[in-house]
Number of protein chains: 2
Amino acid sequence: MDPHLLRTFVTVAECGSFSAAASRLGYTQSAVSQHIAALENDLGTPLLSRRPVVPTASGERLLEHAGPILLRLDAARADVRRTVADPPSTLTVAASPLAARSLASRLAEVRRSHPGTELALTVCGRAEVVEGVAAGTFVLGLTDGITAPTDPLHLSDAVHLHTTATSEEDLAVALPKSHPLASRRGLSLGDLVDARWIDAPDLAAPLTALRAAAGSDALHPAITYNGTDLHTLLALIEAGHGLAVLPRSAVTEDLAAVALTNPRLVHRTELVRTDLATPAAKSLAATFSNHQ
Amino acid sequence: MDPHLLRTFVTVAECGSFSAAASRLGYTQSAVSQHIAALENDLGTPLLSRRPVVPTASGERLLEHAGPILLRLDAARADVRRTVADPPSTLTVAASPLAARSLASRLAEVRRSHPGTELALTVCGRAEVVEGVAAGTFVLGLTDGITAPTDPLHLSDAVHLHTTATSEEDLAVALPKSHPLASRRGLSLGDLVDARWIDAPDLAAPLTALRAAAGSDALHPAITYNGTDLHTLLALIEAGHGLAVLPRSAVTEDLAAVALTNPRLVHRTELVRTDLATPAAKSLAATFSNHQ
DNA sequence: GGCTATTACGGAAATCGTAACCATG
DNA sequence: CATGGTTACGATTTCCGTAATAGCC
């Protein structure tokens with residue numbers, strides 16, 4: 001199970017096509033075909049059904065492992081490189097959209113205390129934050145998500161990264177002020193199974209997470225927002241397209257924010273970091289452990 | 001970073017010798033030398049200092065990742081094989097020594113409810129339990145360890161295995177009845193920094209774990225017992241070689257068992273399993289979730 | 001028939017063993 | 001000088017691209 005083979009396997013599975021994966025990886029169709037054949041031969045079972053190209057049951061199982069393995073391989077390389085390369089002059093930080101809100105002021109503080117360091121801030125998806133930190137692209141990352149109070153976020157199981165909680169905040173259901181439920185003191189997910197939902201999985205609490213927390217499959221999106229801009233989401237809510245679950249502080253005055261009381265969930269943001277860091281990185285990380 | 005190269009790297013690091021690793025792996029010295037050279041060339045830094053053969057700082061970092069990666073690779077293969085192979089007729093179970101105590105009666109129950117199945121019980125080290133389950137050698141495993149109450153055990157970070165707590169039990173300091181502290185109602189680790197300790201890392205709470213929990217480096221072993229037989233350890237304690245921390249139920253009447261009150265720790269045993277299982281395996285697992 | 005995966009084949013590269021070489025204790 | 005890691009070199013295998021073949025909408 002050569003990592004190269006695993007990599008083409010996951011790429012093919014993602015693309016749903018041998019030729020697309022080939023061009024993405026810089027191989028020929030033929031090479032990709034041979035890679036898959038080699039893997040299937042090694043494991044003694046078909047991993048993909050062809051035409052359409054879809055993972056078999058065995059392929060699904062392999063996919064669950066392949067990603068984490070590849071990620072950890074990258075992490076290992078990055079970790080070793082870090083012991084030999086001299087510390088980077090620019091502080092690369094990543095954050096998921098909601099987690100990024102708390103970053104501007106802290107970065108300003110770093111700029112003051114460490115005038116020499118260049119800063120690079122990347123806002124990207126929650127998975128990319130963790131993967132980027134693991135792979136060494138970022139020295140520091142902030143992710144957010146919902147969990148039960150004091151429970152850690154369920155990050156990728158691939159890498160044992162240092163993670164520390166930086167804040168927990170109450171969740172609120174964001175509604176237009178004219179919404180019949182807007183005057184409620186608290187809401188439970190059970191009250192909302194028939195509501196119109198906006199699923200904004202890259203920004204707010206993803207509906208899949210809420211379903212898992214509620215133990216119900218009932219929540220269905222009236223509209224999906226595949227974007228990361230908070231103002232756009234709030235505008236969609238205000239326009240009556242539906243409601244969403246957000247950390248209370250993310251809901252502006254134009255909207256009603258009703259506490260989500262049941263199940264008991266919080267919005268948690270966590271700091272993910274590589275083990276070593278420049279003084280600037282350390283001082284940024286310290287910003288979090290001090291203020292809270 | 002070919003898995004083969006990683007494997008020879010960890011083997012060399014374990015053996016402290018190229019030639020020993022070569023014979024263990026069925027390679028030539030030369031091949032091993034080439035493997036290491038290839039790795040060092042790929043990563044651009046020496047991984048081992050020669051004569052004596054010891055990992056460099058970079059090598060240490062790589063070692064932290066290599067084991068888990070290799071383990072997960074095995075887990076992937078086993079997971080895929082399980083989807084294609086027909087379910088095994090013999091129920092292979094592993095347990096660490098202290099965890100194994102609760103197994104005999106439960107296995108008898110399985111034998112009653114599933115008369116056809118053959119049983120295979122392996123008692124081995126805690127790491128081997130987890131690794132064996134990950135690699136598919138065992139369908140089910142029981143490990144034990146000490147943690148703060150309700151905290152999960154810190155198993156290998158390599159594999160995301162299904163783990164469920166099966167029991168938590170108070171810890172006790174096992175002492176000869178004649179020991180001056182034997183009459184105490186409770187003891188804290190702080191009281192015991194100057195005591196004579198028996199370190200039995202494969203059986204009782206390892207001193208390293210206690211040190212980490214106490215936040216002190218003071219605990220030093222007067223004797224180390226590298227074995228897994230509880231009676232032998234208890235005899236050592238009774239003979240006055242030192243004391244050890246055990247789950248209360250493991251300490252027999254011949255000895256004094258004083259509750260360990262500070263820090264607040266428990267002896268926890270966890271069930272580790274592969275995701276699928278035969279009916280017999282399911283019923284064995286159910287034995288644990290039912291009884292508590 | 002067009003699109004896409006597979007197979008056949010050949011050149012380049014990698015792998016591993018034999019054996020000569022070298023360094024350290 | 002002997003033990004043990006390194007280097008040189010060659011046979012074998014593997015890998016990947018070109019090109020021809022085959023299978024599904």
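All values below come from the heavy atoms of this structure, side chains included, with hydrogens, waters and symmetry mates left out.
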Residue among B:T56, B:V12, B:L39 satisfying side chain to side chain contact (heavy atoms under 4.5 Å, CB included) with B:L48: B:V12
Atom-to-atom span, CG of B:L25 to P of C:dG17 - whole angstrom: 11 Å
Distance flag, aromatic centroids of A:H241 and A:Y225, threshold under 6.0 Å: no
Atom pair distance, as rounded to whole Å: CG in B:D2 and P in C:dA13: 19 Å
A:T224, A:L210, A:I223 screened by side chain to side chain contact (heavy atoms under 4.5 Å, CB included) with A:W197, the one that passes: A:L210
Terminal helix-axis angle for the helix from C:dG1-D:dC25 to C:dG25-D:dC1, with five pairs defining each axis and rounding to 10 degrees: 30°
NZ/NE/NH1/NH2 to OD/OE distance under 4.0 Å, B:R82 and B:D79: yes
Whole-Å distance separating the CG atom of B:L5 from the P atom of C:dT15: 7 Å
A:T28 side chain to A:S30 side chain, donor-acceptor N/O pair below 3.5 angstrom: no
Presence of B:Y27 side-chain N/O under 4.0 Å of C:dG17 phosphate oxygens OP1/OP2: no
Residue among B:D144, B:T143, B:T228 satisfying side-chain hydrogen bond (donor to acceptor under 3.5 Å, both in side chains) with B:S96: B:D144
Side chain B:S49, main chain B:V54, donor-acceptor under 3.5 Å: yes
Under 3.5 Å: donor-acceptor pair, side chain of B:R61, backbone of A:A76: no
Between protein and nucleic acid, restricted to nucleotides 5-10 of chain D and to nitrogen or oxygen atoms under 3.5 Å apart, what atom pairs and distances do you find?
{"from": "D:dG5", "atom 1": "OP1", "to": "B:F18", "atom 2": "N", "distance (Å)": "3.1"}
{"from": "D:dG5", "atom 1": "OP2", "to": "B:S19", "atom 2": "N", "distance (Å)": "3.1"}
{"from": "D:dG5", "atom 1": "OP2", "to": "B:S19", "atom 2": "OG", "distance (Å)": "3.0"}
{"from": "D:dT6", "atom 1": "OP1", "to": "B:R50", "atom 2": "NH1", "distance (Å)": "2.2"}
{"from": "D:dT6", "atom 1": "OP2", "to": "B:S33", "atom 2": "OG", "distance (Å)": "2.8"}
{"from": "D:dT6", "atom 1": "OP2", "to": "B:R50", "atom 2": "NH1", "distance (Å)": "3.4"}
{"from": "D:dT7", "atom 1": "O4", "to": "B:S30", "atom 2": "OG", "distance (Å)": "3.1"}

Pairwise 5' ranking along DNA chain D for A:H35 and A:P52, keeping only the more 5' one: A:H35
